[in-house]
Amino acid sequence: MQLSIIVTSYKNPALLKLCLEALRENIKGISYEVVVSDGETGEDTSFMMKENFPQMKFLPHKENVGFGGLVNEGLKEAKGNFCFIINGDIIVKEEKAVAKLIDYYKKNENIGLVGPKLINFDNTVQDSCFRFYKISTVIYRRTFLKKFSFAKKELDRFLMKDTNKENSPVEADWIMGSAMLVSRENIEKIGVMDRSFFMYFEDVDWCWRFWEKGLKVVYNPWSEVYHYHGKQSANKSVLKAVFFNKYARVHLQSALKFFWKHKTLGWRKPYSY
């Protein structure tokens, strides 16, 4: 089998249904399977999968196992030579979107992960490829300091504003786990996602580990998918985030865990080229 599409979902059967219908309608010319890995599964999701998508593999979980846990369970069941990992809020409307990623992967050496352009439903483009965080990046994004020129310079670096990323493929330090393609061969080389990251930074950590092994992470805007992005961790200040926003608090905790694991505050990279 050429492709396994691993769909991660959490308590949103309506959006998951749209995602799976789009896959069924628009993935053509490829031998593929769909594996749905769902967290804290409710009866409505179980019923929908049984009634509407009985041909798809369904992996329900009684508890919230986190994004990495859902991905890893999906990877265990996947049989394809390539795995296209997407969130349940991704809508694939372009018929050749996934084929373009596979084709690029095959034609370029030392590719580890490749991700498509993510489009909002109003057709604006989401930021989905980045350079690695520095501790200052986290601080600037969540405080009034973002207004100052020195902070804007750092945030522009983080967002890769100095590249032509919207028009041609570029190497990125990391890409969002919302949509990424990887080969079975390279999963076996790198391993699955680190479960110690319960939410956030699983994708950053995974990309770091690919780069450590000399495998490139690439953003490919020639492939486009729609993404409903809730930005649950968005907040105006670090103090408000820590005390009032659970998702922002978890994001900050995961950032510190990432810095500690890789012994970096932005000064060390997983590659020297």
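Since this is a predicted model, take the numbers as computed values, not measurements.
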Distance check, rounded to the nearest 0.5 Å: [X] atom [atom1] versus [Y] atom [atom2]?
{"X": "Ser37", "Y": "Phe58", "atom1": "OG", "atom2": "CZ", "result": "9.0 Å"}
{"X": "Leu75", "Y": "Ile6", "atom1": "CG", "atom2": "CD1", "result": "4.0 Å"}
{"X": "Tyr228", "Y": "Ser178", "atom1": "OH", "atom2": "OG", "result": "13.5 Å"}

Pair Glu94, Ser223: side-chain N/O donor-acceptor within cut-off below 3.5 Å: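 Result is no, nothing qualifies.
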
When you measure from the side chain of [X] to the backbone N and O of [Y], does any donor-acceptor pair fall under 3.5 Å?
{"X": "Asn87", "Y": "Asp89", "result": "no"}
{"X": "Asn186", "Y": "Val182", "result": "no"}
{"X": "Lys216", "Y": "Gly112", "result": "no"}
{"X": "Ser4", "Y": "Lys79", "result": "yes"}
{"X": "Ser254", "Y": "Met199", "result": "yes"}
{"X": "Glu171", "Y": "Val217", "result": "no"}
{"X": "Lys11", "Y": "Glu40", "result": "no"}

Run the salt-bridge test on Asp103 and Lys107 with the 4.0 Å N-O cut-off and return the result as yes or no.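 Result for this pair is yes, salt bridge flagged.
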
Once side-chain contact (heavy atoms from CB on, under 4.5 Å) is applied, do any residues pair with Phe198, and if so which ones, sequence neighbours excluded?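 Applying side-chain contact (heavy atoms from CB on, under 4.5 Å) to Phe198 gives Asn64.
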
For Gln2, give me all partners under side-chain contact (heavy atoms from CB on, under 4.5 Å), at least two apart in sequence or on another chain.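 Gln2: side-chain contact (heavy atoms from CB on, under 4.5 Å) contacts with Ile30, Ser31, Ile102, Lys106.
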
Please confirm whether Lys117 makes a cation-pi placement over Tyr219, using NZ or CZ under 6.0 Å from the six-membered ring centre and within 45° of the ring normal.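 Checked: cation-pi criterion not met.
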
Which hydrophobic side chains are connected to Leu70, either touching it within the sub-4.5 Å cutoff or through other members that do?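 Listed partners: Val65.
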
Can you confirm if the aromatic rings of Tyr133 and Phe201 lie within a centre distance of less than 6.0 Å?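 Centroid distance Phe201-Tyr133: below 6.0 Å, so yes.
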
